[in-house]
Amino acid sequence: MGSQVTRRSFLGRGAAAAAALAMPSWITAAPPPKLERKGAARKVIVAGAGLAGLAAAWELTQAGHEVTVLEARNRAGGRVETLREPFADDLYAEAGATTIHDTHDLTFHYAKLCDVALDPQPLAAGATVYHLRGQRIVQDPRKESPWPLELTAEEQQLGRRGMWEKYVQPVLERVGDGQAPGWPSAQAAVYDGMTYGEMLRRQGASKAAIDLLRLGFPDLLGDGIEAASALDVLREGAQRAAMKQVFIVRGGSDRLPKALAAKLAERIYYGVPIVRIEQDGAGVRAVCRQAGGDRTFAADHLICTLPLQLLGKVEFSPPLSPEKQRAIAELPSTSVARIFLQTRTKFWVAEGLNGVALTDLPLMAVFEKIQSTAGRRGVLENYTAGAQARAVTAMPVRFFRAANGRQVAGARL
Ligand SMILES: Cc1cc2nc3c(=O)[nH]c(=O)nc-3n(C[C@H](O)[C@H](O)[C@H](O)COP(=O)(O)OP(=O)(O)OC[C@H]3O[C@@H](n4cnc5c(N)ncnc54)[C@H](O)[C@@H]3O)c2cc1C
């Protein structure tokens, strides 16, 4: 794994890189194992029309089963949602999933199946802005200047990249390949018992070095480096670092679930939140809340793709096993808030910046959205996670007038 891990991709999108113009040869669009039907066709309910539910429904349908998809909302896609309003010039932003890693072979497979085009995502050239301890620091990722921070003499010499190689790279090698069977090994599992911040301290990083190394991806995962398991951050980081190329769906991520949903057409029922799932010798029944009374769908089997946080609101008869109930109750999830700002020009490009700002301010991070690459206008995204995201989303939404007279919806910061 070590040789594939580059500090550039681990630390974020701060470095310049050229985008591949065509789909590289290492990308596979490996189909899932073919579902062979054994015996008579069965009636199957699929709960949820996110990507998991849509893919499951499609495979079952292809095997000749009779499938009904029950979706609470009035659209398919779940955590894939593209925002097209109120942007001008066909600009858009992603509320949920945005990037497809070159290892996401199933996503490539379904995109190909649905004739949905994927584009390699270019990494913008230019300098990254850091805002740390009240100072604005502009750094060219190819040639670091001294950091105005109380780093040790050695850390100052190493720079951010060198510090990453000293403090993080050796741990990544100890942790090993998170995709390998039997992972995590005993030596990797040790890192599940400490936070990423603790791991950096144990590696000898100074306070200022940690303040610098936490910015970007490590602090945006989970509830930040003092809460998330070091092992989780390292595994996710290693996966990102091993990526050679990231892709986006041309025209917006929602094109993929929309295309899959169109193939399933009338098999999907929208606006039918499941409130109860019953199973007995006769089969399975999903009770859905609908205006005008509950509606029950019956089948031989049910595949449930609801996220755990929502699954906890569904009543099961007979109840789920204590282990499943515990997993539902205890598995944490984090909060993410994204605020989008449409700009008249990409002023940061004129300043030689790449559109990335990593900060210790409550706003955490800013990225230029990939969707804004064509045309004169741009979209900047503010991305917060954990406690900062909860603080943002707790603010009342108001309409206010921006300096250029445009009306903007959002929380007044
Ligand atoms: C902010 C954000 C950014 C992300 N970025 C990326 C990224 O860049 N790349 C990437 O690969 N992944 C990303 N992800 C993860 C990705 O979006 C998810 O892994 C994926 O969309 C999950 O799909 P799913 O079908 O498992 O679940 P979901 O998409 O959550 O689908 C579940 C469906 O069930 C429905 N449902 C819920 N309750 C009920 C009920 N009671 N009855 C009936 N239906 C119900 C929901 O409405 C939903 O449609 C991101 C996620 C988020 C939130």
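Every heavy atom of this structure was used, including side-chain atoms; hydrogens, water molecules and symmetry mates were not. As the structure is a prediction and not an experimental result, all values here were calculated from the model. Counting from 1, the numbers follow the sequence of the chain as shown.
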Item to check | Separation of T343 OG1 from L91 CG (nearest 0.5 Å) | outcome: 8.5 Å

Next on the checklist: For the NE2 atom of H301 and the CG atom of L60, what is their distance to the nearest 0.5 Å?
Outcome noted: 9.5 Å

Checklist entry - Tell me, do F217 and E236 make a side-chain contact under 4.5 Å, heavy atoms counted? => result yes

Checklist entry - So, D219 side chain and I225 main chain: donor-acceptor pair closer than 3.5 Å or not? => result yes

Checklist entry - How long is the gap from CG on L220 to CD on Q388, to the nearest 0.5 Å? => result 10.5 Å

Item to check | Pairwise distance CD(E71) to CD1(I274) - rounded to 0.5 angstrom | outcome: 9.0 Å

Next on the checklist: Walk me through whether S206 and E155 qualify under side-chain hydrogen bond (donor to acceptor under 3.5 Å, both in side chains).
Outcome noted: CA-CA 8 Å; S206 70; E155 289 170 345; 2.5 Å; yes

Checklist entry - Taking atom CG of L70 and atom CG of L306, what is their separation to the nearest 0.5 Å? => result 10.0 Å

Item to check | Side-chain donor/acceptor of T68 to backbone N/O of R267, under 3.5 Å | outcome: no

Checklist entry - Is it true that the NZ or CZ of R338 lies under 6.0 Å from the centre of Y383's six-membered ring and within 45 degrees of the ring axis? => result no

Checklist outcome for this item: For V138 and R136 the tightest heavy-atom approach is CG2-NH1, 3.5 Å

Next on the checklist: Main chain of L35, side chain of E59: is a donor-acceptor contact present, judged purely on distance under 3.5 Å?
Outcome noted: no

Item to check | Verdict with supporting geometry, L51 and L106, side chain to side chain contact (heavy atoms under 4.5 Å, CB included) | outcome: CA-CA 11 Å; L51 284 178; L106 286 179; over 6 Å; no

Item to check | Contact summary for A238 and L172, nearest pair of heavy atoms | outcome: CB-CD2, 3.9 Å

Next on the checklist: Check R202 with E198, please: is the shortest side-chain N to carboxylate O separation under 4.0 Å?
Outcome noted: yes

Next on the checklist: Run the ring-ring contact (aromatic ring centres under 6.0 Å, His included) test against F297 and tell me which residues pass, sequence neighbours left out.
Outcome noted: Y269

Item to check | Q239 vs H101 side-chain heavy atoms within contact, under 4.5 Å | outcome: no

Checklist entry - side chain to side chain contact (heavy atoms under 4.5 Å, CB included) between W348 and V129: does it pass, once the steps are laid out? => result CA-CA 10 Å; W348 55 93; V129 172; over 6 Å; no

Checklist entry - Are any of the side-chain heavy atoms of I100 and L118 separated by less than 4.5 Å? => result yes

Item to check | For the student: nearest non-hydrogen atoms of K263 and C114, plus distance | outcome: CE-SG, 4.0 Å

Item to check | Flag, side chain of S335 to backbone of A389, donor-acceptor distance under 3.5 Å | outcome: no

Checklist entry - Is the closest basic N to carboxylate O distance between D192 and R235 below 4.0 Å? => result no

Item to check | Considering all heavy atoms, the nearest A228-L221 contact | outcome: CB-O, 4.1 Å

Item to check | Any donor-acceptor pair under 3.5 Å from K258 side chain to G77 backbone | outcome: no

Checklist entry - Hey, are the side chains of D254 and E81 touching, using non-hydrogen atoms and a 4.5 Å cut-off? => result no

Item to check | Side chain D102, main chain Q245, donor-acceptor under 3.5 Å | outcome: yes

Checklist entry - With ring centroids as reference points, do Y130 and W147 lie under 6.0 angstrom apart? => result yes

Checklist entry - What closest approach, in Å, do G252 and T82 show between heavy atoms, and which atom pair accounts for it? => result C-OG1, 3.7 Å

Checklist outcome for this item: CG of L149 to CZ of R133, rounded to nearest 0.5 Å, is 5.5 Å

Checklist entry - With a 4.0 Å cut-off, would you call R326 and E323 a salt bridge? => result no

Checklist entry - Within a strict 4.5 Å, meaning less than it, do heavy atoms of the P184 and L231 side chains meet? => result yes

Checklist entry - What's the verdict on side chain to side chain contact (heavy atoms under 4.5 Å, CB included) for L213 and Y196, showing C-alpha distance, side-chain angles and the deciding distance? => result CA-CA 10 Å; L213 289 174; Y196 191 74; 5.8 Å; no

Checklist entry - Are the side chains of L308 and L311 in touch, meaning some heavy atoms are under 4.5 Å apart? => result yes

Checklist entry - Which residues satisfy the side-chain contact (heavy atoms from CB on, under 4.5 Å) test with Q157, sequence neighbours excluded? => result none

Item to check | Closest contact, heavy atoms only, R42 versus H65 | outcome: N-ND1, 3.0 Å

Checklist entry - With a 4.5 Å limit on heavy-atom distance, are the side chains of F316 and S321 in contact? => result no

Checklist entry - So with a 6.0 Å cut-off around CZ of R289, is the heavy-atom count from everything else above 12? => result no

Checklist entry - Short question: side chain of Q325, backbone of L320 - any donor-acceptor pair under 3.5 Å? => result yes

Next on the checklist: Under a 3.5 Å distance rule, please check whether N382 uses its side chain to pair with a backbone N or O of L363 as donor and acceptor.
Outcome noted: yes

Item to check | Donor-acceptor pair, side chain of T195 and main chain of E226, under 3.5 angstrom | outcome: no

Checklist entry - Do the side chains of T98 and Q121 get nearer than 4.5 Å, heavy atoms only? => result no

Item to check | Residue pair V249, V80: steps toward the side chain to side chain contact (heavy atoms under 4.5 Å, CB included) verdict | outcome: CA-CA 11 Å; V249 176; V80 178; over 6 Å; no

Item to check | N/O donor-acceptor pair under 3.5 Å between E150 side chain and A208 backbone | outcome: no

